[in-house]
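For clarity, every value in this text was computed on a predicted model and none was experimentally measured. Below, each value reflects all heavy atoms present in this structure, side chains not excepted, and no hydrogens, waters or symmetry copies.
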Amino acid sequence: MKYTQLGRTGLKVSRLVLGTMNFGPQTDEATSHGIMDSALDAGINFFDTANVYGWGENKGRTEEIIGSWFAKGEGRRDKVVLATKVYANMGTDGEAWPNHDKLSALNIRRAVDASLKRLGTDHIDLYQFHHIDRSTPVEEIWQAIDVLIQQGKILYAGSSNFPGWKIAQTNETARRLGSLGLVSEQCLYNLAERRAEMEVIPAAQEYGLGVIPWSPLHGGLLGGVIKKENEGSRRATGRSADALADTAVREKVQAYEDLLDKHGLEPGEAALAWLLTRPGVTGPIVGPRTAEQLESALRALELELSEELLTGLDDIFPGPGPSPEAFAW
């Protein structure tokens, strides 16, 4: 396993991040435990979750599964850099109860204590804001975070789904208050969705944030979906099915699969390997439902993509270019 610093911090994390969103809704507890054991055995030390994972009436279930895995002992908790998130409404009575969501000081305090209980730990290594909160002053957010850091409940704060301007505003406010500020940004970024390159990733680099891409296969679109359809092994669903309904998108994905077939590479593994070549990227989040999917993701670490292949991928999925040149002169 290869490791890197998380942004400007002294924290060392693996270049693949284990995403746990499927634990509970799609992967049962025993299988989830097995995947986490395999990830740790492979050297993956960076685990990502969120308080809302489990969804619906089972919000928090994913954190509970991770907590029961930690409870098995044998150094599991000490070996893991644990990241979770706060923002979504955690009301369980079917209603969006006031002050049970977003980033008010009250909700942050309530949410972190609830996550710690579900996770069965005394601290969270990286506490991430799952979305921007347009109604809470940034000063209030940092007041709450700094208290949690002083209490030892969290070590670092990160963002997710923040635009570039919000990263700048949030960290400039932190600087003014004498706070460490955001150390990471978790954003949608992959070969088929490169808009983060315009402003989000440059802002993250400027402020020393590690970039943690989510949906590296763009909902399965970059995982060999057409080949699997043709072989009858799996039909496209969700985001990938919607995307493939567009003829232009389907032609691009077919060209992508043909290019990788020419180079003897599996599409999903190459898509992960491509992200590992991108400036500012700490490591993509992989969310395996099965042990086999984890093994495939690990193989991406060994791939070295040739300049010819990288050029070919850029030709099929060109980036937007930097801002403002992407939309102005």
Side-chain angles (χ1 to χ4, degrees), residues 1-7 9-54 58-86 111-128 148-149 151-158 183-184 186 210 212 214 216 272 276 282-302:
M1 180 57 61
K2 298 175 182 177
Y3 299 89
T4 188
Q5 307 297 129
L6 179 62
T9 75
L11 189 64
K12 291 184 178 180
V13 294
S14 51
R15 296 226 60 203
L16 284 183
V17 184
L18 181 68
T20 62
M21 188 170 67
N22 291 320
F23 295 176
Q26 297 192 45
T27 306
D28 63 31
E29 183 166 345
T31 305
S32 300
H33 284 193
I35 290 172
M36 287 187 279
D37 281 333
S38 295
L40 205 59
D41 288 344
I44 295 178
N45 75 334
F46 199 2
F47 289 18
D48 177 74
T49 191
N51 60 352
V52 74
Y53 290 171
N58 295 310
K59 296 172 185 175
R61 177 60 183 146
T62 304
E63 287 187 333
E64 291 175 348
I65 289 173
I66 296 171
S68 63
W69 180 74
F70 284 150
K72 291 183 174 181
E74 298 181 1
R76 284 175 171 82
R77 177 63 187 97
D78 290 340
K79 294 175 181 176
V80 168
V81 175
L82 176 63
T84 192
K85 308 183 194 77
V86 55
V112 76
D113 284 343
S115 284
L116 288 170
K117 182 177 180 181
R118 286 189 293 266
L119 290 162
T121 186
D122 64 355
H123 74 282
I124 293 160
D125 300 304
L126 178 64
Y127 201 49
Q128 303 162 109
L148 295 179
I149 292 173
Q151 292 174 336
K153 293 182 178 180
I154 69 172
L155 300 183
Y156 304 97
V183 303
S184 63
Q186 188 176 135
I212 308 168
W214 61 266
L272 288 173
L276 292 169
T282 299
I285 297 174
V286 296
R289 295 187 302 275
T290 65
E292 291 75 20
Q293 289 177 346
L294 176 61
E295 291 171 3
S296 175
L298 288 167
R299 287 194 290 272
L301 292 166
E302 306 303 320

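Exactly one of Asn51, Thr84, Thr49 qualifies for a side-chain hydrogen bond (donor to acceptor under 3.5 Å, both in side chains) with Glu63. That residue is Thr84.
For Ile149, the side chain to side chain contact (heavy atoms under 4.5 Å, CB included) test picks out Ile145, Asp146, Ile154, with sequence neighbours left out. For the ring pair (Phe, Tyr, Trp, His ring centres under 6.0 Å) test, residues two or more places apart in sequence or in another chain that qualify with Phe47 are Trp69. Annotation: side chain to side chain contact (heavy atoms under 4.5 Å, CB included) contacts of Leu155 (sequence neighbours excluded): His123, Asp125. Shown here are the side chain to side chain contact (heavy atoms under 4.5 Å, CB included) partners of Asn22, two or more places apart in sequence or in another chain: Gln26, Thr27, Arg289.
Between Ile65 atom CD1 and Arg118 atom CZ the span is 12.5 Å, to the nearest 0.5 Å. Taking OG from Ser68 and NE2 from His33, the interatomic distance works out to 3.0 Å, rounded to the nearest 0.5 Å. Taken from OH in Tyr3 to OG1 in Thr282, the straight-line distance is 14.5 Å, to the nearest 0.5 Å. Note that CG of Leu18 and CD1 of Ile35 are 7.5 Å apart. Values are rounded to the nearest 0.5 Å. The distance from the CE atom of Met1 to the CG atom of Leu301 is 5.0 Å, given to the nearest 0.5 Å. Atom-to-atom distance recorded for Phe46:CZ and Thr4:OG1 is 11.0 Å, nearest 0.5 angstrom.
Within the structure, salt bridge (Lys or Arg N to Asp or Glu O under 4.0 Å) contacts touching residues 24-48 (residues at least two apart or in different chains) are Glu29-Arg61, Asp37-Arg76, Asp48-Lys85. Applying the salt bridge (Lys or Arg N to Asp or Glu O under 4.0 Å) test to residues at least two apart or on different chains, the pairs with a partner in residues 290-302 are Glu269-Arg299.
Residues Ser115 and Ile124 have side chains in contact (heavy-atom distance under 4.5 Å, counting atoms from C-beta outward). For the pair Ile44/Leu298, a side-chain contact is recorded, criterion being any heavy-atom separation below 4.5 Å from C-beta on.
The number of heavy-atom neighbours closer than 6.0 Å to NZ of Lys12, taken from other residues, nucleotides and ligands shown, is 12 or below.
Gln5 contributes a side-chain N or O that, together with a main-chain N or O of Gly10, makes up a donor-acceptor pair within less than 3.5 Å. The backbone N or O of Asn45 sits less than 3.5 Å from a side-chain atom of Ser14, completing a donor-acceptor pair. No side-chain donor-acceptor contact under 3.5 Å links Tyr156 to the backbone of Val183.
Considering every non-hydrogen atom in both Pro284 and Leu276, the closest pair reads CD-CD2, 3.7 Å. When every heavy atom of Phe23 is checked against every heavy atom of Pro288, the shortest pair comes out as CE2-O, 3.9 Å.
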